[in-house]
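Before any comments, here is the structure.
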Amino acid sequence: MASPKLLLLLATFLPSCGLLLADFAPMTLTVVNNCAYPIWPGIQANSGSEVLEGGGFYLPALSHRSFPAPTSAWSGRIWARTGCTPEGAEQLRCATGDCGGRLQCGGLGGASPATLAQVSLHGNNDQSFYGVSVVDGFNVGLSVTPHEGRGNCPVLACRKDLTQSCPSELQVRGSGGVVACKSGCEAFGTDELCCRNAYNSPAACRASQYSQFFKNECPQAFTYAHDSPSLTHECAAPRELKVIFCH
């Protein structure tokens, strides 16, 4: 699940309904695989936004794929699927981030745990909001890098390979060892760790020992539902936004 605070921030950057049809300057989205192994990036658009690149594709090691961003408001998430095995032309089974066994996710989200790049483009004054979330756990380190934007446009990242250090109770094991790290919510399913029911408010939803592990390693990332990242930004009209895995 996406962080409620992150969803609120995304919403604040979307234009009012009367401006949703406005076209903005051309912009490029680039997904980079800096890993030593292939990945299958997935892209899920939020409600009302178009599906980009079919929602998923294959990306060999040390390669990239660039495509035009929508010229009107768009928001969604990008993640990496790993350990994937093709099962026919359109079927794909992945150890992490799987989207219903499909090559092109077509609007479906990925199975947790997975590191998420959260993106909202062409908000008020052509602002772009972006962030890294490990609220749903971690599978691959990533960074989000804007280029040629106006204002404060830092790189935001969770770079470390947390599969090497996450607590044993959060580990997801595959044929090659630990392939991902669950969130505390996914591992134990309690209302307190999942920030739901009586805990679904900023006052009641607090950091846990598990979210604190992620925060210590990735202070710029959202680590639980009502978390705040350590680094903020106000970036207008970047020419390109790169999501770089294993970086």
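Since we're looking at a predicted model, the values are computed, not measured.
A 4.5 Å side-chain heavy-atom check between Phe129 and Ser75 finds every atom pair outside the cut-off. Counting heavy atoms from C-beta outward, Leu116 and Val135 have side chains that stay 4.5 Å or more apart. Using a 4.5 Å heavy-atom threshold, the side chains of Leu170 and Tyr210 count as touching. At a threshold of 4.5 Å between non-hydrogen side-chain atoms, the residues Val119 and Ser128 do not count as touching. In this structure, the side chains of Phe138 and Cys158 come closer than 4.5 Å at one or more pairs of heavy atoms. Looking at Cys94 and Leu92, their side chains come closer than 4.5 Å, going by heavy atoms from C-beta outward. Residues Cys181 and Pro113 have side chains not in contact (no heavy-atom distance under 4.5 Å, counting atoms from C-beta outward). In this structure the side chain of Met27 reaches within 4.5 angstrom of the side chain of Pro238, judged on heavy atoms.
A disulfide bridge does not connect Cys195 to Cys185: their SG atoms sit 2.5 Å or farther from one another.
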Would Thr28 and Ser66 satisfy side chain to side chain donor-acceptor pair (under 3.5 Å), going step by step from the backbone distance to the final call?
CA-CA 7 Å; Thr28 299; Ser66 296; over 6 Å; no

Could you check Tyr130 against Cys153 for side chain to side chain contact (heavy atoms under 4.5 Å, CB included), going step by step and ending with a plain yes or no?
CA-CA 10 Å; Tyr130 52 94; Cys153 301; 4.2 Å; yes

Any chance you could lay out the side chain to side chain contact (heavy atoms under 4.5 Å, CB included) test for Leu52 and Trp74, step after step, and finish with the verdict?
CA-CA 10 Å; Leu52 304 180; Trp74 186 92; 3.6 Å; yes

Between Phe214 and Leu162, does the side chain to side chain contact (heavy atoms under 4.5 Å, CB included) criterion hold? Intermediate values first, please.
CA-CA 8 Å; Phe214 290 111; Leu162 303 187; 3.6 Å; yes

Full working for side chain to side chain contact (heavy atoms under 4.5 Å, CB included) between Val132 and Gln220:
CA-CA 7 Å; Val132 178; Gln220 296 177 358; over 6 Å; no

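Judged by distance alone, with hydrogens and angles left aside, the side-chain atoms of Glu90 form no donor-acceptor pair with the main-chain N or O of Leu103 at under 3.5 Å. At least one donor-acceptor pair closer than 3.5 Å links the side chain of Trp79 to the backbone N or O of Gly97. A donor-acceptor distance shorter than 3.5 angstrom exists from the side chain of His122 to the backbone of Pro70, with no hydrogens or angles considered. Within the 3.5 Å criterion, the main-chain N or O of Pro41 finds a donor-acceptor partner in the side chain of Arg81. Side chain of Asp23 to main chain of Ser72: no donor-acceptor pair is present (N/O by atom type, distance under 3.5 Å, no hydrogens or angles).
One hydrophobic cluster, built from ILVMFWY side chains closer than 4.5 Å, holds both Val134 and Phe188. Cluster annotation: Leu59 and Ile43 are assigned to the same hydrophobic cluster (Ile/Leu/Val/Met/Phe/Trp/Tyr, side-chain heavy-atom contacts under 4.5 Å, transitive). In this structure, Trp40 is not a member of the same hydrophobic cluster as Leu62, with clusters built from ILVMFWY side-chain heavy atoms closer than 4.5 Å.
Note that the CG atom of Leu142 and the CG atom of Asn33 stand 11.5 Å from one another [nearest 0.5 Å]. Here CD of Gln44 is found 5.5 Å from CZ of Arg77. Values are rounded to the nearest 0.5 Å. Taking OG1 of Thr115 as the start and CD1 of Ile78 as the end, the distance is 13.0 Å to the nearest 0.5 Å. Here Cys235 contributes atom SG and Glu148 contributes atom CD; the two are 11.0 Å apart, rounded to the nearest 0.5 Å. With rounding to the nearest 0.5 angstrom, the CZ atom of Arg102 is 14.5 Å from the CD atom of Glu87. Distance CD1/Ile39 to SG/Cys84: 9.5 Å, rounded to 0.5 Å.
In this pair, Phe67 and Phe57 present their aromatic rings perpendicular. The plane angle is above 60°, beyond the 30 to 60° band.
Nearest heavy-atom pair, His226 versus Cys205, reported as atom, atom and distance to 0.1 Å: CD2-CB, 3.4 Å. Pairing each heavy atom of Gly55 with each of Val51, the nearest pair is N-CG1, 3.5 Å. Here the shortest heavy-atom pairing between Ala203 and Arg206 reads O-CD, 3.3 Å. Scanning both residues, Ser63 and Pro60, for their nearest heavy atoms gives OG-O, 2.6 Å. The minimum heavy-atom distance between Val144 and Gly131, with the atom names listed, is CG2-O, 4.3 Å. The two atoms that bring Asn139 and Ala114 nearest to each other are OD1-CA, 3.5 Å, heavy atoms only.
Around the CG atom of Asn125, the shell of radius 6.0 Å holds no more than 12 heavy atoms that belong to other residues, nucleotides or ligands. More than 12 heavy atoms of other shown residues, nucleotides or ligands fall within 6.0 angstrom of atom OH in Tyr58. Shown here is His64, whose NE2 atom has no more than 12 heavy atoms of other residues, nucleotides or ligands within 6.0 Å.
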I'd like a table of donor-acceptor pairs (distance under 3.5 Å, sequence neighbours excluded) in which one partner is a side-chain atom from residues 239-247, with atom names and distances.
unit_1 : atom_1 : unit_2 : atom_2 : d
Glu240 : OE2    : Thr30  : OG1    : 2.5
His247 : ND1    : Ser143 : OG     : 2.7
His247 : ND1    : Arg159 : NH1    : 3.1

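Defined by atom type and a distance below 3.5 Å, a donor-acceptor pair is missing between the side-chain atoms of Gln91 and Arg93. Under the 3.5 Å distance criterion, with hydrogens and angles disregarded, no donor-acceptor pair is assigned to the side chains of Asp136 and Ser112. In the model, Ser133 has no side-chain atom that pairs as donor or acceptor with a side-chain atom of Gln118 under 3.5 Å.
A salt bridge links Lys215 to Asp227: one of the charged nitrogens lies within less than 4.0 Å of a carboxylate oxygen.
Clustering of Ile, Leu, Val, Met, Phe, Trp and Tyr side chains at separations under 4.5 Å places Val172 together with Val179.
Judged as a salt bridge (charged side-chain N to carboxylate O under 4.0 Å, His left out), and not counting sequence neighbours, the contacts of Glu53 are Arg65.
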